[in-house]
Amino acid sequence: VGPFEHVVAALDGRGVRFVVIGVSGANYYATSASALFVTADRDLFLPPDPANTLAAWAACESVGLQLWSGREPLDEPRDLRLADAVVAGGALVRASDGRGLDVDLTLVKAGFEFETIWRERRLFRAEGVEIPVARLRHIVESKAAAGRPKDRLFLATHEEALRTLMQEE
Amino acid sequence: VKSEREGEPEIPREAVASGPVSLSVAYQRAIAQMESLAENQPGSDKAWVESSLREYRAHYARAIRVR
């Protein structure tokens, strides 16, 4: 089992609700390796639920990932009180193995509530693990709503790739 | 495998606008088609996605400068 699938299995084992979003989510809809986008991190969208957030932290730590808030290690103790504060602030926590696997636990997705994404998620399989991935439409619409320079660059490249692929088919 | 930053060198960051973007009808149609493909239905095996990305990174991690 690959490192990311290992993380997903740990999250699943603790009943964590999450959906893969962002470029890493869009990659699951690619039809070949040549259509994949290289991205350094995996973006997981979590509901604004402190207990779920705490369970996600525990799952990540159980597979050896370190938790970060910005450039600092996430505060301790990592309890419900801290999870409450993180959820209230919509703060991003990164779980990293320090060797290239960076998993961003995000509570905010431009233009969408978690439950909307969750209801329409697709479950793909990888090495015996079920991976919940946001709909491609939701991923793209969220990037369009955010409209940061990096989102615009992704959208331009992705649109061209998809339209070329569809013309070929 | 494309880099997420592909194309960035030709577009200076300060010249790239920010703010919500409208999606073209053709793009939205292409997304719907992509979602409807047999290989993108729930339960599809996607193990190749992560393994391809790992191979890509390993390939470039092994690269050495020759001149």
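No experiment lies behind these values; they were computed from the predicted model shown. Naming: A, B, ... by sequence-line order, numbering from 1 per chain.
- Judged by distance alone, the side chain of B:Glu35 and the main-chain N or O of A:Leu136 form a donor-acceptor pair under 3.5 Å.
- No part of A:Arg121 comes within reach of chain B, as not one of its non-hydrogen atoms sits under 4.5 angstrom from that chain.
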> For A:Leu162 and B:Gln33, what are the C-alpha separation, side-chain angles and deciding distance, and is it a side-chain contact (heavy atoms from CB on, under 4.5 Å)?
Replying inline: CA-CA 9 Å; A:Leu162 252 58; B:Gln33 284 180 278; over 6 Å; no

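- How far NE2 of A:His158 is from CD1 of B:Ile31: 6.5 Å, rounded to the nearest 0.5 Å.
- Residue A:Leu123 holds its CG atom at 12.5 Å from CD of B:Gln41, rounded to the nearest 0.5 Å.
- Interface residue A:Glu5: only side-chain heavy atoms are found under 4.5 Å from chain B.
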>> As a quick check of understanding, evaluate side-chain contact (heavy atoms from CB on, under 4.5 Å) for A:Glu159 and B:Gln28, giving each step before the final call.
In response: CA-CA 9 Å; A:Glu159 177 175 6; B:Gln28 293 180 56; over 6 Å; no

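- Residue contact with chain A, scored on non-hydrogen atoms closer than 4.5 Å, is absent for B:Arg29.
- Between B:Ser18 and A:Arg148 the shortest heavy-atom distance is CB-CA, 4.3 Å.
- A single hydrophobic cluster is seen to contain both A:Val140 and A:Val133, as judged by linkage of ILVMFWY side chains at heavy-atom distances under 4.5 Å, directly or through other members.
- Following chains of ILVMFWY side-chain contacts shorter than 4.5 Å, one cannot reach A:Val20 starting from A:Phe114, and the two form parts of different hydrophobic clusters.
- Taking the ring axis of A:Phe124 as reference, the NZ or CZ atom of B:Lys46 stays within 45° of it and closer than 6.0 Å to the ring centre.
- In this structure, B:Leu53 CG and A:Thr39 OG1 are separated by 9.0 Å, a value rounded to the nearest 0.5 Å.
- A heavy-atom distance below 4.5 Å is found between the side chains of A:Leu155 and B:Tyr27.
- One finds the CH2 atom of B:Trp48 at 4.5 Å from the CG atom of A:Leu36 (value rounded to the nearest 0.5 Å).
- Using a 4.5 Å cut-off between heavy atoms, A:Ala145 touches chain B through its backbone atoms (N, CA, C, O) alone.
- Residue A:Ser24 does not touch chain B at all, counting heavy-atom pairs closer than 4.5 Å.
- The two atoms that bring B:Ala26 and A:Arg163 nearest to each other are CB-CZ, 3.6 Å, heavy atoms only.
- Between the side chain of A:Arg125 and the main chain of B:Pro42, no donor-acceptor pair closer than 3.5 Å is present.
- Ranked by heavy-atom pairs under 4.5 Å with chain B, the first of A:Arg137, A:Glu141, A:Glu127 is A:Arg137.
- Only the side chain of B:Leu23 comes within contact range of chain A, with at least one heavy atom under 4.5 Å from a heavy atom of that chain.
- Salt bridge annotation for A:Arg122-B:Glu39: absent, with no cationic side-chain nitrogen under 4.0 angstrom from a carboxylate oxygen.
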>> Working note: A:Thr31 + B:Leu37, criterion side-chain contact (heavy atoms from CB on, under 4.5 Å); need CA distance, chi angles, decisive distance, verdict.
In response: CA-CA 9 Å; A:Thr31 53; B:Leu37 294 175; 3.6 Å; yes

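- In terms of heavy-atom proximity, B:Asn40 sits nearest to A:Tyr29 at ND2-O, 3.2 Å.
- Residue B:Ser51 holds its OG atom at 13.5 Å from CZ of A:Phe4, rounded to the nearest 0.5 Å.
- Neither the backbone nor the side chain of B:Glu55 has a heavy atom closer than 4.5 Å to any heavy atom of chain A.
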